[in-house]
Amino acid sequence: MNQINIGRLLRANTRGCVAGCPAGQPFPPFGSLVSIPLADGLRAYGLVTDIHIDDDGLVRQLSVSGNVPEEIIQDNRINRNVPVELSVLFVGRKQSGVISHLLPPRPPLSLDNIYNCTEDEIREFTSSGRLGYFRHILSAEDVPIADLLAAHIMQAGGAHNETDNHIWLTTAVQEIITLLRDDHAALSAVLGAIADAFPEFSQIEQLPLSEDLP
Amino acid sequence: MPLNYLDLEPQINQYAQNSVELNREIQDKCQIALDLIRECGVNHSVKKEWIRGVVESQPDPPRCALLVDDRAEQSYACLPHETGGYTILASDGSQITPGGHDAVSIALINTSRLSYAPGSGKAPMVDIETKFLFDKEGRIEFGNLSEDLISLRRDVSELEILAKWQSSTAHPVIALGDGPLELFHQPRQGEDFNRFFQDYLDILKSLHIKKMAVAGYTDRPRAALIVKMLEFSVPAGKITDLSRLEDQSLFKQLLKPGERSAIFELRSSSSAKYEGPLALHFFYLNVGSQEVPWIARVEIPGWVASDIEKTFLVHQALLDQCALMGARPYPYILHRAHEEAVVRFEEKERLVNRLAIEIQQRGLGISLPSHKQNAKNLSSRRRIGE
């Protein structure tokens, strides 16, 4: 699958960015891994943590007016400049072919292109190192961490399963347990979300931390 | 503080009190007007000739309505009718007027056109034309053009962009403009005004040739065209004062939701310029609800007024468009045309900066606003750290 340009950067800082996508075209789901090419061969990787669609006075008025014809819906999605905004949390970078789970050294610039990651890229990024990028997710603020982890693991686990790498999923869950072993409440929430996404892990919520995983 | 509220407080009380008194007066006059309009209906042929005679005998007749074929008090519902589909267009325009205090002088018109076929499922097409104003020699206008002349040229552009539309189907086409078809206070004196006014008339003729159903929509009309006509309708020697009564008050009583009034001819100081199929007509339309009637005035040229099918299409299309906006009915496509045409302050500022850079790069020095404008642009107070 080739990379698809999903939008352009609106604003950014060292921990994340917001990109605008035209409302009429598909955009990546919550938890997806995306990438942004930067200068000097650098590429930033991030996870979609929020998808935001603003309203305005006209949309509010139309929404309560009753039957809205398809032409009017299309007018508001295609013609009116109200983009879908994707919030992205940086989780790593690639430079000179080497993937690192450190934050990008500098944020992208306005109107830089943002791309969805192919399955190859997802496998490459998530199997580099020791899942160190999980720390960015767990320390993020104003983000539904449990659901984000579950969505990301679902995407990455699916990509690895395509190449019969079933170990990755187990390794990822073990790493989460390790990182959150001192925060039982957060760990329960995360494991609960993962159990919802992966029924084979439905028993892990009830297991003491020392039990073996399936 | 810009307003002296101590001065205003007693005036606010008087404002409210005078409003109540005026409302009472208007209600009384409205009853008189309703009786008169019903009399016009009962004696249509006689009243039609009588009113026309009275108006034409005036040395300087005021703007008013004239009866045509419909009885004055008649209302028309929009009955379900197989139209076979139609395309609707709307245009609007905005302008930048050269200001003596700006850094660079800009005379610019921005015109938009939206077009779509209801029921097609496809988004409207949006076309925007942005142009500086040029003089007769084809050079950009730098002079101090009057706001009236720029407004006239904008009105011509709004009609012109409608006329440029090319149909790809055999469906009838409805072309809407914001405001009256009759150009406000035109023609004026002066070669430029006459030239552009003639252009406007020529474009209207081209729309007639293209068989488009053209209409100008006025929301919350303040006119008293019918009221003036009713004042002229009374027998000789009798004077009826209906001053300060607006037509919309009358038609809120006469029109049910969705109904239009009779079609009237518009008589004004410029109506002789709109000849034959261009002759200006209008009707009132209730786009509101039972609880909240809302009257709009719709101006149509003679070729639409005399074509029952085109009149019906305009009626139906306006109701459909207003219904899209829910509790605040206004034609959706006209609002969108306005959105696409409007030049915002920030856009003007960007254009001014861009032109100033271009001029400077050509060795003409730095363009600055006047000191008066500069003082107006100074920022307001702010706190440390802001």
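Reckoned from all heavy atoms, side chains included, excluding hydrogens, waters and symmetry mates. Reminder, nothing fancy here: chain letters follow the sequence lines and each chain counts from 1. All values reported here derive from a predicted model rather than from experimental measurement.
Your options are B:G119, B:A327, B:G326, B:P124, and the one with the most heavy-atom pairs under 4.5 Å with chain A is B:P124. Most heavy-atom pairs under 4.5 Å with chain B, from the set A:I72, A:I73, A:V64, A:V68: that is A:I72.
For a residue to count as touching a neighbouring chain, one of its non-hydrogen atoms must lie under 4.5 Å from one of that chain's; by this rule A:I78 touches chain B with the side chain only. Using a 4.5 Å cut-off between heavy atoms, A:L58 touches chain B through its side chain atoms alone.
Not counting sequence neighbours, the partners of B:A163 by the side-chain contact (heavy atoms from CB on, under 4.5 Å) test are B:I203, B:S206, B:L207. Contacts of B:K310 classified as side-chain contact (heavy atoms from CB on, under 4.5 Å), with partners at least two apart in sequence or in another chain: B:K211, B:A213, B:W303, B:V304, B:D307. In this structure B:E259 satisfies the salt bridge (Lys or Arg N to Asp or Glu O under 4.0 Å) test with no other residue, sequence neighbours excluded.
No more than 12 heavy atoms of other residues, nucleotides or ligands shown are found within 6.0 angstrom of CE on A:M154.
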Kindly provide each donor-acceptor pair between chain B and chain A shorter than 3.5 Å, listing atom names and distance.
unit_1 : atom_1 : unit_2 : atom_2 : d
B:G119 : N      : A:E71  : OE1    : 3.0
B:G119 : N      : A:E71  : OE2    : 3.3
B:S120 : N      : A:E71  : OE2    : 3.4
B:G121 : N      : A:E71  : OE2    : 2.7
B:P124 : O      : A:N79  : ND2    : 2.8
B:L324 : O      : A:S65  : OG     : 3.0
B:M325 : O      : A:Q61  : NE2    : 2.8
B:R328 : O      : A:Q61  : NE2    : 3.4
B:Y332 : OH     : A:D75  : OD2    : 2.5
B:Y332 : OH     : A:N76  : ND2    : 3.1
B:R336 : NE     : A:D75  : OD2    : 2.6
B:R336 : NH2    : A:D75  : OD1    : 3.0
B:E339 : OE1    : A:R80  : NE     : 3.0
B:E339 : OE1    : A:R80  : NH2    : 3.4
B:E339 : OE2    : A:R80  : NH2    : 2.6

